[in-house]
Structures are given as C-alpha cells and as structure tokens.
Number of protein chains: 2
Amino acid sequence: MPQTPNTQTTNAPSPVPTSADVARLAGVSRATVSYVLNNAEAVRISEPTRRKVRDAAEELGYVPHAAARSLRAGHTRIVLLPTSNVLAGPLHGAFLNELQWALRRLDYTVVQYGSLGLTGDEAARAWAELRPVAVISLGDIVLCARNVATLKRAGARAVITLGPGRVPGAHALVMDQAAVGAKAAAHLVERGRRRIGVVVPQEEGLGFFSEPRLAGARSVASAEVEPLPLAHTEESAAALAARWPSLGLDGVFAYNDEYAMLLMRALQDAGLRVPEDVAVIGADDLLIGRLLRPRLSTVQIEMPTGDHLAALVDRAVREPSHFTERHDLMTAVAVRREST
Amino acid sequence: MPQTPNTQTTNAPSPVPTSADVARLAGVSRATVSYVLNNAEAVRISEPTRRKVRDAAEELGYVPHAAARSLRAGHTRIVLLPTSNVLAGPLHGAFLNELQWALRRLDYTVVQYGSLGLTGDEAARAWAELRPVAVISLGDIVLCARNVATLKRAGARAVITLGPGRVPGAHALVMDQAAVGAKAAAHLVERGRRRIGVVVPQEEGLGFFSEPRLAGARSVASAEVEPLPLAHTEESAAALAARWPSLGLDGVFAYNDEYAMLLMRALQDAGLRVPEDVAVIGADDLLIGRLLRPRLSTVQIEMPTGDHLAALVDRAVREPSHFTERHDLMTAVAVRREST
DNA sequence: TTGAAAGCGATACCAG
DNA sequence: CTGGTATCGCTTTCAA
C-alpha cells in the first residue's frame, strides 16, 4: 500500500498493546506475562507478580493476538462451519446454536464461513487458509476427495460431512436425506396415491438436500414420481397450480413444510381440495405445519443434539483414527395430520 | 498438552507444506515464492521461474497460512459478523448472503461468529482476538462504549452497529426498529383500534429487536399499549388466546409475521374473528403472511442492499474519519391486507 | 522465581 | 532478476 511514505522500518506504530507492553508496564518479562495470563501450572509465579501483570493487562486493555498464538502453537482450535443462510434448509437455527454452544464449551472457536457460490476447490482453499482443526460441512458445498485432502494437509484433523457420506477421506455423519424422500413417498403410497410429484426448490444452495430427497422418493416402488421445480414465490406456486390438472398427480411431497405451505395455498386457490384431490406432505415438522388448515402432514426428522455432535467432533479431533467412519444420526418418520 | 513427550524442539513434524517447502522444491528462495504467488508487481520474475514455483505449489498442495500472513501484515481483512441463528429475526438469510457476497467481492473475509449467550465484555474480547478490520454487530450482543474501545484498540477500523445507534465510538447504521412498532401501532389506530397488544417474543436474542418495537408502539399517542410475552410454541399462543377476552384488546402487533401467524391461528381457534374482534398486524412482510387467510397485514421493512452496506463498510475501513456517524438505512411502511 | 532467546510462516526490504 | 534476512506477537525451553 504505497499510500504514505513509510519512514519507519516497521508498519505504522501499532497502537494495539502487545504482551511486551504489558511486560514493560508490569516491570517483568514477556515470559512471565504469558505464564500469568495463561495460568501456566508448570511454573509458580508469586502472587504480587501475578497482580502486577493482571493489573497492567487490564489497564492497557490487552487482548492476545489469536493469529500469533496459533502460529506459535502450530495448530488452532477453530471449527469451521461453512453455511449459507438459506431459508428453509433442514438445519434449523436452533440446532446450529446448540452446536455452537456445545463446541464453545469444549473450548473450540466456532467460525461460520459463508461460502455460497464458491466451487469445492475455491472453498477448500479458503477454508484451509484458516487452518481449522475441524470442518463440519453442512452440505452447501459439495466436496470431493481432493478437497478433503487439501483440508487435511492444512492440518484439519476431522472433516465431517453430513450426508450420504460418499466423500473419501471424510468422516461421515450420515444424515440420509434420501430417507426423508422415501418416507414421504411411502406415506403417500400408503394413503392410496400413486402418481406423486416431488418439489425441487430452485433456490441455490438447497440442491444438496433436495436431490437426495427426490432420489429417495424415486426409490419407492409402486410410486410414479414427477419432479416439480418450484421457486419460493407466489407466482411460481400459482403457475405450478395452474398446470396441475394436466400433470395428473394425486399426491405431492413438497420438499419441506415451507414449500408445502406455499404450494398447498396455491392449489387451494386454484380450486383443488386437499387432501381429496391431492395429498400434500412436507418435511422438517415446522411449527407452521400445525397452524395450517388442513394441518400439514410432514416427515419428522430426528436430529442429533448439538451436544452429541460436538462430542463426536471432539473425539474425531483427539483421536482421528478411532473415529468409526460412519455414524447414523438421523431417523425420519412420517407424521400424518390432515393433508394426506 | 502433556500427552506425548516431545523429543523435538519444535512441534510434531508438520506435514503441512510451507512456502519454504515450495521454494525448496522449485529450487528458488522463499522470497521468490512469495513474489510469484502474490503476483507482486514491484519485481519482475522470469516466466520460467514463475512456472517452476507455480508447479511446485500445485504439487505440494500449498495453501498459505492466513495467521502468519496477517501477523506479518499487521492487519487482517476479516469482517466479523456476530450472529445468532435465531429464527424469525428481521435479518433474512437472503440479506446476509447478499452482504457476504458483496464483502467477498471487495476482498474481505467474512467470518460469522456465534456469540449467543456471551456478555458484551466476553464477546468483545473474543472478537478482538481475531483482530478483525471491521465488526458489524447485528444486535444479538449489546455493546457498550468500552467494548467498542476494546475492538478499536485491537485494530478494528470500523465498528458498525445496526440499531438506534447510541453506542459511543461506533459507527451507527440506523435501522430504527422503533419505527416498525410505531408504524404498526399507528396503522391499528387508523383502523379504529385503541387498546393494542404488542407481542414480545420470549426467545433469547430477540430482545434487541423486540424492545425497540415495543417502545415504538408505545410512542404512539392515543394508543393504549399492553406488552404480551409469547413463546414460539402452540401452547404459549393458546394460553394467550385463552385469556384474551380478559385483556380487553382490540388490536395486536405481533412482533413479526411468524408470531402473527402463530397468534392469529390461536385466536381463531379460540373463536375470535380477525379482524372483526381483533385486528392483527405482523412485520417483515414474509411470504407466509400472504398465504394466510385472512391475509396478514404487515409492516414492510426496506432493507439496504448487501452491496450498499458492503460499500459503506469498505469506506469506513478505508477512511474511518470520513465516515459520517449515522446513516439512515431503513424505512418502514405498514401494508394493509385483510387482518386489520 | 524470572529472564533471555529461539522459532512458528509469510513478506518486503536491501544487496548482490 | 533473485537471495538473504529482519520482523510481526506469542509460547516455551533452558539458564541464571
């Protein structure tokens, strides 16, 4: 940055206090400061000295430099959580909060890194620069084996994917979205439907969930499945409803409860009766489903608790080898209400 | 971590390739590697050398170490975005995505840092450790002047708060939630209501939005305002609906459209007519509001675009002094549908 | 009990 | 055009 001719050998006189500043003010060495502030047990520091150091740090408003610390340490405690803020994903905010809490209790630094629109390669590089100790890929980005290798080479002791888990080298926490689609389709079949539409959201970042759900529905024999692209807008839903009669469908799995609500309303406005003319089922068991009339049938997904997942991550970090490759963490069950 | 007796002076032989490894493989010096990989314009490197370096980096899967780089540089390009993943906040996922995109285009590294449950002091310290160049506090954490000072001392060139903007030292982007409440209450008054309930969500992390909204409603003369605590559950809504008659209210501002949907359903189930017996208005103009029957009146909030906000952040970083203290970024307008 | 010093990885000066 | 080297802030071994 050739903005100001820098007369000094170093950068602009950094006003940010370092441990050296604390040491100077306290009249001790930097080593002592480090010992005191990190409560080092290996070394015994006299109480007066501790006080002096603490007071000095307080007075200067000293905050340690995470980058310098982890550079020296050779590793970080960063758990990278790449997430797009897509609405209507099956990862509820509450779950993410829980997970963050649990990880923080285990002394990890949780960093959410927005990666929407990056390719797997770009994302993996960007993540690797931060040298995270673990990466929990929630599925916005599709990783390949090479990406996992990049991350591992950069020091990641655990690369965890939530999904069918086909990525070689990654720890897989199986959250089989296909099962969701399968349960939904099976439920519709059970209710006497055969020609089943499956909503595929057009919004970016949902493909990782919607594709397996569609595939799962397809896997149900005795069901004839028709993919239905749908954007999260009234217009899109109305258009779909308008051509509904020509589709000849008697049931629909609407990806999740939000899209189900949207579609169900459009169908009703188009004069179709739910569930008589068409049965509708959502997924994720959102609160809104129970507020609709007819009440929305849904596929309920049992998520692991944040604590549980955090513990798993911690174990993977400590003992990468002892981590069994696959963990089943999700069960899906269809809940019948009034729309099917 | 006294797990393994370390026989080496350094840590475990780091398998992660450094620029020195690249240099060795390419048969050049580390300086040259740095020049090539950063496309340094100040020096001219021969094409064959560039190729050798690039190939070596590729072969080793070299990824630069962000911590080392920023330590050397004396500053980072990190924009910290502390967010809780609260559902139903007025900051839609789409907005956050937009903002991240825009900031990334400006070459910032956007880091979302979950801070739910931390106090202002704890959060400020934790954030400061990362030495972010800017912090955009979305309101989950209430910062005081001292916290802002901590961040600035740690190198933050811009601390931006979205809200009424009373934090001294911080750049304020005024997103006056009070105006939302005021518009809602005014709308209800206009529709002939006088005794108005205002829903206050009991969920953690929403107080920053709900309190100003309540205060805004209170600011409307000729309206008698009653706060109504409500959790985001059917039970809570049913309980509130059950004691509704005893409250003697003829209108309600339900915090946002989600809570409005919840409450409206409960009121209807309790036999009340909307809007005849009670007028209901939400906020945020979510899609669900238009899918309800009666269609939900709402307060529409005009958000700044992500690009706009990103540009503002960039300017604040480059010229902290030229940044005018307050920017009005939000306008709110009541939209009448059928529920009022 | 405390201090001096090495070194983590990357960059940018200054010599050659 | 390229190589040696000092430096960023912090931790930790070794000596005093």
Side-chain angles (χ1 to χ4, degrees), chain A residues 1-2 5-14 16-24 26-50 52-53 57 62-76 128-131 154-155, chain B residues 1-2 5-14 16-24 26-50 52-53 57 62-76 128-131 154-155:
Chain A
M1 281 184 210
N6 219 333
T7 52
Q8 320 201 4
T9 57
T10 164
N11 287 336
S14 188
V16 5
T18 73
S19 75
D21 295 323
V22 176
R24 207 167 311 131
V28 300
S29 77
R30 280 153 63 222
T32 307
V33 171
S34 180
Y35 290 140
V36 172
L37 296 184
N38 294 313
N39 295 313
E41 320 240 326
V43 119
R44 305 188 62 79
I45 307 280
S46 68
E47 196 49 47
T49 305
R50 304 181 88 95
K52 274 194 300 186
V53 171
Y62 169 72
V63 175
H65 193 305
R69 172 179 298 189
S70 63
L71 182 57
R72 170 65 226 229
H75 60 92
T76 70
E129 290 194 359
L130 299 179
R131 299 288 191 272
Chain B
M1 281 183 214
N6 221 332
T7 53
Q8 321 202 2
T9 58
T10 163
N11 286 337
S14 188
V16 6
T18 73
S19 76
D21 296 323
V22 177
R24 207 168 311 131
V28 298
S29 75
R30 283 156 56 222
T32 307
V33 171
S34 180
Y35 290 140
V36 172
L37 296 183
N38 293 314
N39 295 312
E41 320 239 329
V43 292
R44 309 191 63 78
I45 307 281
S46 69
E47 197 49 46
T49 306
R50 306 180 86 95
K52 275 193 301 185
V53 171
Y62 169 73
V63 175
H65 193 306
R69 182 190 300 229
S70 64
L71 180 57
R72 169 66 224 217
H75 62 249
T76 70
E129 291 193 358
L130 300 179
R131 298 290 191 269

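Proteins get letters first, then strands, A, B, ... in listed order; numbering begins at 1 in each.
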| request: Determine: side-chain N/O of B/Tyr35 to OP1/OP2 of C/dC13, distance under 4.0 Å, yes or no. | output: no
| remark: Heavy-atom nearest nucleotide on DNA chain C taken for B/Pro64 and for B/Val43; more 5' hit belongs to B/Pro64
| query | What is the distance, rounded to the nearest whole Å, between atom CG of B/Asn39 and atom P of C/dA12? | reply | 13 Å
| task | Check every atom of D/dT11, D/dC1, C/dA10 against the side chain of B/Ser46 and return the nucleotide holding the closest atom. | result | D/dC1
| said: With a cut-off of less than 4.0 Å, is there a side-chain N or O of A/Ser70 near OP1 or OP2 of D/dC10? | reply: no
| Length of the line joining B/Leu71:CG and C/dC8:C1', which is rounded to integer Å | 9 Å
| message | Between A/Ala31 and B/Ala20, which residue's closest nucleotide on DNA chain C lies nearer the 5′ terminus? | response | A/Ala31
| query | Hey, is the side chain of A/Ser34 poking within less than 4.0 Å of OP1 or OP2 on D/dT12, counting only N and O atoms? | reply | no
| message | I want to check one thing: is the phosphate of D/dC10, taken as OP1 and OP2, less than 4.0 Å away from some side-chain N or O of A/Ser19? | response | yes
| Below 4.0 Å: OP1/OP2 of D/dG3 and any side-chain N or O of B/Thr32 | yes
| message | Is B/Arg69 close enough to C/dT11 that one of its side-chain N or O atoms is under 4.0 Å from OP1 or OP2 there? | response | yes
| said: Can you give me the closest heavy-atom contact between B/Asn39 and B/Arg50, atom names plus distance? | reply: OD1-NH2, 4.0 Å
| Just to confirm, is there a sub-4.0 Å distance from OP1 or OP2 of D/dC1 to any side-chain nitrogen or oxygen of B/Thr49? | no
| Do the side-chain N or O atoms of A/Thr18 get closer than 4.0 angstrom to the phosphate oxygens (OP1, OP2) of D/dG9? | no
